[in-house]
Amino acid sequence: MRVQGRDTRACWWDGDAIAFLDQRALPARVEVAWARSVEEAARAIEDMAVRGAPLIGVVAGYALALAARRGGDLTAAYDRLARTRPTAINLWTGLNAVRSAAPGADDMLAAARAFDDAEVAAAEAIGTHGMALMRPGIRVLTHCNAGWLAVQDWGTALAPVYKAARAGLAPFVFVGETRPRLQGARLTAWELAQEGVAHTVIADNAAAHFLQRGEVDLVLTGADRVAANGDAANKIGTYTRALAAKAHGVPFVIAAPLSTIDRATPDGAAIPIEERGAEEVTHVEGVDEQGVLRRVRVTPEGSAARNPGFDVTPAALVTSLLTERGIVRASREGIASLFERD
Ligand code: MRU
């Protein structure tokens with residue numbers, strides 16, 4: 001991924017700490033921060049300094065390796081990290097990949113690095129397989145941020161877009177702003193701009209309008225957890241886009257690595273949905289004319305707010321699942337076929 005023209009990753013192991021781009025500062029500033037303990041890594045995940053399902057898994061993996069290097073209690077470290085965010089299964093995929101490494105701090109760090117590299121390879125393969133969905137001038141609608149800030153190096157939903165752009169297909173992306181945290185407006189728009197991909201930010205409420213007018217060829221999002229039957233949890237608002245896509249005959253594709261598929265969860269109803277603080281709804285955050293990040297209230301004092309972070313799109317609304325092992329139906333059979341070679 002390119003940040004201000006230079007290749008970088010959303011997080012990396014930096015000697016004896018986890019370095020990451022602090023996503024809370026974007027798009028105003030590119031800031032690198034460090035987690036030097038399990039607690040700092042856990043807070044970075046909770047506060048969404050790092051976010052996006054695959055990235056959470058990578059950071060959690062490095063954090064467990066960090067605990068081993070510090071000679072800490074690995075069970076306590078695992079439990080602390082596992083409590084950070086409940087929906088993205090990648091958190092546990094990353095933790096388990098490192099925990100199951102041969103005991104020893106060096107082995108665990110090697111496992112964390114291997115998991116990180118495997119996620120990069122998976123994301124790139126998603127992009128390669130996703131080229132089958134691309135065509136010249138394609139108009140893609142996405143939601144939240146499923147690009148290289150959420151997934152090392154390529155992204156999931158945006159990986160085929162980046163591949164298509166590099167192949168000269170000139171894709172265009174409608175970016176849903178993604179209230180309440182505005183990952184689309186703040187992060188996706190920023191990374192598309194860094195890569196020189198044509199895009200337009202739209203209010204969340206405008207998505208169905210553009211689908212109805214035939215201005216969208218493909219809806220492409222990521223996922224935080226795909227259940228065994230193909231139901232998929234992703235950022236709140238994904239479900240309404242899937243409904244609108246179905247109503248207007250536009251394909252709705254979920255791009256996700258195998259680390260996001262949870263065959264132990266039978267269906268979407270069993271996926272835990274994170275409920276975040278009401279202040280993310282009652283307030284909005286943005287940069288003022290002086291470039292200072294500010295938070296302002298938009299609701300009357302005292303109005304209550306609810307803030308589910310994710311919703312579940314039923315498999316019946318998902319045209320297909322794009323993974324590093326190819327494109328399959330979002331069904332029990334389609335998902336089982338992905339794991340046949342294991
Ligand atoms: O709350 P966030 O910002 O961590 O949510 C992220 C999303 O919902 C992404 O769409 C999802 O993790 C897929 S990222 C490839």
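In each ligand, atom 1 is the first atom listed, and ligand 1 is the first ligand listed. All values below come from the heavy atoms of this structure, side chains included, with hydrogens, waters and symmetry mates left out.
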Next on the checklist: Using a 6.0 Å cut-off, check whether atom CZ of Arg179 has over 12 heavy atoms from anything other than its own residue.
Outcome noted: yes

Using a 3.5 Å cut-off on N or O atoms only, is [X] in polar contact with ligand 1?
X	answer
Lys235	yes
Gly52	yes
Arg51	yes

Under 3.5 Å: donor-acceptor pair, side chain of [X], backbone of [Y]:
X	Y	value
Glu40	Arg36	yes
Arg139	Phe172	no
Glu274	Phe310	no

Consider ligand 1: state whether an atom of it lies below 4.0 angstrom from any non-hydrogen atom of [X].
X	value
Thr87	no
Val151	yes
Ala88	no

Which atoms from ligand 1 have a heavy atom of [X] less than 4.0 Å away?
X	result
Thr156	15 (C)
Gln183	1 (O), 2 (P), 3 (O)
Met48	1 (O), 2 (P), 3 (O)

Please state which option from [options] has its nearest heavy atom closest to [atom].
atom	options	value
atom 2 (P) of ligand 1	Arg181, Arg276, Arg85	Arg85
atom 12 (O) of ligand 1	Ala159, Ala53, Gly309	Ala53
atom 14 (S) of ligand 1	Ala150, Gly147, Gly222	Ala150

Checklist outcome for this item: closest protein heavy atom to atom 7 (C) of ligand 1 is Asp224 OD1, 3.3 Å

Next on the checklist: Testing the 3.5 Å rule here: is there a donor-acceptor pair between the side chains of Asn145 and Glu191?
Outcome noted: yes

Ion pair present between [X] and [Y], side-chain N to carboxylate O less than 4.0 angstrom?
X	Y	answer
Glu285	Arg186	yes
Glu289	Arg294	no
Glu31	Arg24	no

